[in-house]
Amino acid sequence: MSLNVEQVTTAVTRLRHMYPDAHCELNYETPIQLLAATILSAQCTDERVNQVTPTLFARFPDAPALAAADRAELEEIIRPTGFFRQKAKFIQESAQTIVHEYGGEVPQRMEELLKLNGVARKTANVVLGEIYGRAEGITVDTHVKRIAYRLGWTTTNDDPVKVEQELMALIPQESWIEISHLLIFHGRALCKARRPDCPACPLRDICPEGQRVIG
DNA sequence: ATCCCGAGGG
DNA sequence: CCCTCTGGAT
């Protein structure tokens with residue numbers, strides 16, 4: 001067993017102890033609502049997503065409503081999350097496809113989810129893991145990508161698909177859903193993009209980046 | 001490689 | 001001012 005595989009086991013144990021409640025923090029009631037919230041979460045804190053989704057879901061509660069929504073009204077509601085024109089387009093077109101092609105139900109297969117405009121592997125992995133408990137891959141967002149690279153678990157920091165493949169080869173499948181939540185919580189708390197708090201980090205002894213930082 | 005895009009922190 | 005936040009399409 002390679003060094004990194006042992007490090008992953010060690011890291012998961014420590015992170016689990018540090019963030020026993022790590023989970024998806026997006027608020028939603030239904031699969032289509034999670035899909036919409038996840039699209040909104042691109043380059044945006046989930047805290048801000050949760051500020052707009054109550055209004056969004058009150059006004060457009062399901063796929064038919066989102067599909068038929070007035071685009072300008074939809075854009076206005078989600079504006080604070082940034083990229084609001086693209087996100088409104090993605091949410092509405094996905095809702096229309098789901099209504100017309102999938103009987104109003106969010107598809108349960110990766111292949112079908114990836115056909116939705118605005119949905120790539122990150123969003124598909126969130127939906128599959130959160131709604132159906134299915135781990136076909138690993139959710140690689142900005143936190144997961146950054147921390148995996150710092151830990152030396154991946155060789156690239158700019159190709160999320162390659163990062164996901166390398167992590168899938170390194171991490172046992174039963175941890176695929178959990179690892180993303182743990183790394184996201186860790187990214188927000190300590191292993192931040194700007195000024196990571198390495199002195200407080202429980203992974204410092206197994207982190208090349210942490211040992212380079214002074215403090 | 002570039003564009004979409006707002007809000008908060010340093 | 002610059003950087004970052006559960007990205008994706010062109």
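First the proteins, then the strands, lettered A, B, ... as listed; each starts at 1. Please read all numbers here as calculations on a predicted model, not as lab measurements.
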Residue-level proximity of residues 16-51 of chain A to DNA chain B when a heavy atom falls under 4.0 Å: A:Gln43, A:Arg48
Check: A:Thr53/A:Gln33 side-chain N/O donor and acceptor closer than 3.5 Å: no
Candidate pair A:Arg71 and A:Arg85, rule side-chain contact (heavy atoms from CB on, under 4.5 Å), full reasoning: CA-CA 9 Å; A:Arg71 179 70 65 85; A:Arg85 292 188 188 89; over 6 Å; no
C:dT6 and B:dG10, which share atom name P, separated by this distance in whole Å: 15 Å
Spacing of A:Lys87 atom NZ relative to B:dG6 atom P, expressed in whole Å: 11 Å
A:His143 NE2 - C:dG7 C1' separation (whole Å): 13 Å
Whole-angstrom distance between C:dT10 and B:dC5, as gauged at atom P: 14 Å
Interatomic distance where NZ belongs to A:Lys192 and P belongs to C:dT4 [whole Å]: 12 Å
Distance-only polar pair, side chains of A:Lys122 and A:Ser180, donor-acceptor under 3.5 Å: no
Matching residue for A:Glu130 among A:Leu35, A:Ile177, A:Leu26, A:Leu34 - test: side chain to side chain contact (heavy atoms under 4.5 Å, CB included): A:Leu34
Gap in Å between the two P atoms, one belonging to C:dG8 and one to B:dA7, rounded: 22 Å
Atom-to-atom span, CG of A:Leu116 to P of C:dG8 - whole angstrom: 12 Å
Phosphate contact (C:dA9 OP1 or OP2) by A:Asn117 side-chain N/O below 4.0 Å: yes
Stepwise side-chain hydrogen bond (donor to acceptor under 3.5 Å, both in side chains) test for A:His17 and A:Arg14: CA-CA 5 Å; A:His17 185 263; A:Arg14 294 181 189 172; over 6 Å; no
Short side-chain N/O contact to C:dC2 OP1/OP2 from A:Arg194, under 4.0 Å: no
A:Thr123 side-chain N/O to C:dG8 phosphate OP1/OP2 under 4.0 Å: yes
Euclidean distance, atom NZ of residue A:Lys89 to atom C1' of B:dC3 [Å, nearest integer]: 14 Å
C1' gap between B:dC4 and C:dC5, integer Å: 15 Å
Nucleotide B:dC4, atom P - distance to CD of A:Glu75 in whole Å: 14 Å
Sugar-phosphate, base or nothing in reach of A:Val144, heavy atoms under 4.0 Å: nothing
Gap between atoms CD and C1', on A:Gln86 and B:dC3 respectively (whole Å): 7 Å
Residues A:Leu151, A:Asn4; criterion side-chain contact (heavy atoms from CB on, under 4.5 Å); working and verdict: CA-CA 9 Å; A:Leu151 284 166; A:Asn4 274 346; over 6 Å; no
Residue whose nearest DNA chain C nucleotide is more 5′ - A:Leu114 or A:Asp141: A:Asp141
Atom-pair distance (CZ on A:Phe83; P on B:dC5), nearest Å: 8 Å
Side-chain donor or acceptor of A:Arg16 paired with backbone N/O of A:Glu178 under 3.5 Å: no
